[in-house]
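A short worksheet on the structure shown next.
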Amino acid sequence: MNKRSVYIETYGCQMNVNDSEVVAAILNDVGFAYTEDITQAHLILLNTCSIREHAENRVFQRLHEIKKLRSENPALLIGVIGCMAERLRDQLFDNDLLADIVAGPDSYRNLPELVTIAQNSKKAINTHLSETETYADISPYRVGNNRISSFVSIMRGCNNFCSYCIVPYTRGRERSRDAESIIQEIETLQQTGYKEVTLLGQNVNSYAFTQGKNTTNFAQLLEKIAQKFPHIRIRFTTSHPKDMGEDVVHVMARHANIGRWIHLPVQSGSTSVLSRMNRKYTREEYLQKIAKLREILPEVSITSDILCGFSNESEEEHADTLSLMREVGYDLAYMFKYSERPGTLASQKMPDNVPEEVKIRRLNEIITLQNSISKTQNAADIGKIFEVLVEGRSKKDENELKGRNSQNKTVIFPKGNAKVGDFVNVRITASTSATLIGELVE
Ligand code: 5AD
Ligand code: SF4
């Protein structure tokens, strides 16, 4: 029973990173030590993502590679967990892929049992989606060597059904985690020396935890946490433009320990595309939110996700995205071309009819524009002094440290007397489109 070990490889979003830590904790309880050496593992789990076809293809490739390890160790168990498990289910037992265990995002408590079933040479599967599971009582096993910044998931699932998106189908209905258990988890992190937490949810603005007659909404939760942990920097993601209320921005303004950063994915700058995407806001409403945000919090950095080449996207609609990007001036954006996902509303009702070469050209235009905007935005920080949380050594130069400022921008500077885990003041002296470069201010 003892002396077994599990190796977990994580694909996709930050929620998956956190889920892998929950899985490591559940398996630890039944005697599986966590290993970072795949060749030592008795159990290999791939925690997977279905958001784009490309993400799934990477996992298929990886499963084929892992097959070689099994030929060296016939007792090795291989599991696919997460969104692909939920979407593809028993297709993953295909002879060619050789998964032994398939577990969806809401069935991780069942993993010890699934392992036992698989050990008896039976295919073990659980893809049941729950309306209540939040893993609230499980203290995640923190993986990796960053002991400074951690994710804390506050809700699971999504009810938005953006027409292009698979997440509501793979992660199920939205549910909020017990506020007390969130605070408990942050308390534990603080005691272990963590200095930053990022509250995670597919749409944190619709957080609502009800106990008896009281409901805690997201603004209230954020305020409670900010008050209780004045020495922890608090971040949150993702915000949905349709639900992002002014109350949250006012809470941020009241508490300096809440990061001056909002990830507010726009997806498209065209109202007609947004309507086909079922995003439930217009270009104008989005821009009004941005204006209000900047009015209340002038120092805020704003980041986004942008999706091009969606069904029927015309050149004019694409141009609307480029002009919105210029108007907002995002500090950073994650940019994608549309990938049709079977089972979504779009896959049933809206043709994936923008030719691949047009998608690529539009994506390149978006990337080129964003690079130049990021460069300008970062150059505007030259001369400013930021409080930076030191996270580690810079990759390029061991005499330099890297960290992030309140705006979530990466800052590199000569180390001086600063140590990992310190909050230090850094004056920015130079910048690129991706980083700020500076010097310590004593
Ligand atoms: N194709 C491409 N990108 C997608 N995203 C979500 N679904 C798809 C899809 N089918 C992007 C959105 C979302 C981010 C997490 O991934 O921009 O905000
Ligand atoms: Fe997908 Fe939309 Fe939910 Fe985000 S809000 S996970 S894009 S359905």
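The structure displayed is predicted, hence computed values, not measured ones. The residues of the chain are indexed from 1 along the displayed sequence. Every heavy atom of this structure was used, including side-chain atoms; hydrogens, water molecules and symmetry mates were not. Every number for a ligand or one of its atoms is a count from 1 in the order of the listing.
- Between Asn408 and Arg235 the shortest side-chain heavy-atom distance falls below 4.5 Å.
- Here the protein heavy atom with the shortest distance to atom 7 (N) of ligand 1 is Tyr164 CD1, 3.3 Å.
- Leu69 is listed as a side-chain neighbour of Ile44, based on a closest heavy-atom distance under 4.5 Å.
- Put simply, part of Lys337 is less than 4.0 Å from ligand 1, judged by heavy atoms.
- Here Tyr34 and Tyr141 bring their ring centres to under 6.0 angstrom of each other.
- Of the options Leu88, Ile166, Thr48, a side-chain contact (heavy atoms from CB on, under 4.5 Å) to Glu56 is made by Leu88 and by none of the others.
- For Leu307, every heavy-atom contact with ligand 1 shorter than 4.0 Å involves the side chain, none the backbone.
- Side-chain contact between Phe229 and Lys195 is absent, with no heavy-atom pair separated by less than 4.5 Å.
- For Ser339, a nitrogen or oxygen atom sits less than 3.5 Å from a nitrogen or oxygen atom of ligand 1, counting backbone and side chain alike.
- Protein heavy atom at the shortest distance from atom 18 (O) of ligand 1 is Asp305 OD2, 2.6 Å.
- Within 4.0 Å of ligand 2, protein heavy atoms belong to Cys158, Asn160, Phe161, Cys162, Tyr164, Cys165, Val167, Pro168, Gln202, His240, Arg279, listed by chain and number.
- Considering both main-chain and side-chain atoms, Tyr338 never comes within under 3.5 Å of ligand 1 through any nitrogen or oxygen pair.
- In this structure, Glu313 contributes its side chain and His318 its backbone to no donor-acceptor pair below 3.5 Å.
- One finds a salt bridge joining Glu391 and Arg404 here, because a Lys/Arg side-chain nitrogen approaches an Asp/Glu carboxylate oxygen to under 4.0 Å.
- Of the possible polar contacts, none joining the Arg341 side chain to the Ser339 backbone as a donor-acceptor pair under 3.5 Å is found.
- Of all atoms in ligand 1, numbered sequentially from 1 with element shown, those under 4.0 Å from a heavy atom of Phe336 are 3 (N), 11 (C), 14 (C), 16 (O), 17 (O).
- Taking every heavy atom of Arg52 and a limit of under 4.0 angstrom, the matching atoms of ligand 1 come to 1 (N), 2 (C), 3 (N), 4 (C), 5 (N), 11 (C), 16 (O).
- Close approach to Arg341 involves these atoms of ligand 1, each under 4.0 Å from a residue heavy atom: 10 (N).
- Within the listing of ligand 1, atoms 12 (C), 13 (C), 17 (O), 18 (O) sit less than 4.0 angstrom from a heavy atom of Gln267.
- For Tyr108, the ring pair (Phe, Tyr, Trp, His ring centres under 6.0 Å) test picks out Tyr135, with sequence neighbours left out.
- Asp19 pairs by the side chain to side chain donor-acceptor pair (under 3.5 Å) definition with Arg156, Arg171, not counting sequence neighbours.
- Taking the side chain to side chain contact (heavy atoms under 4.5 Å, CB included) definition, one finds that Pro355 meets it with Glu357, Val358, sequence neighbours left out.
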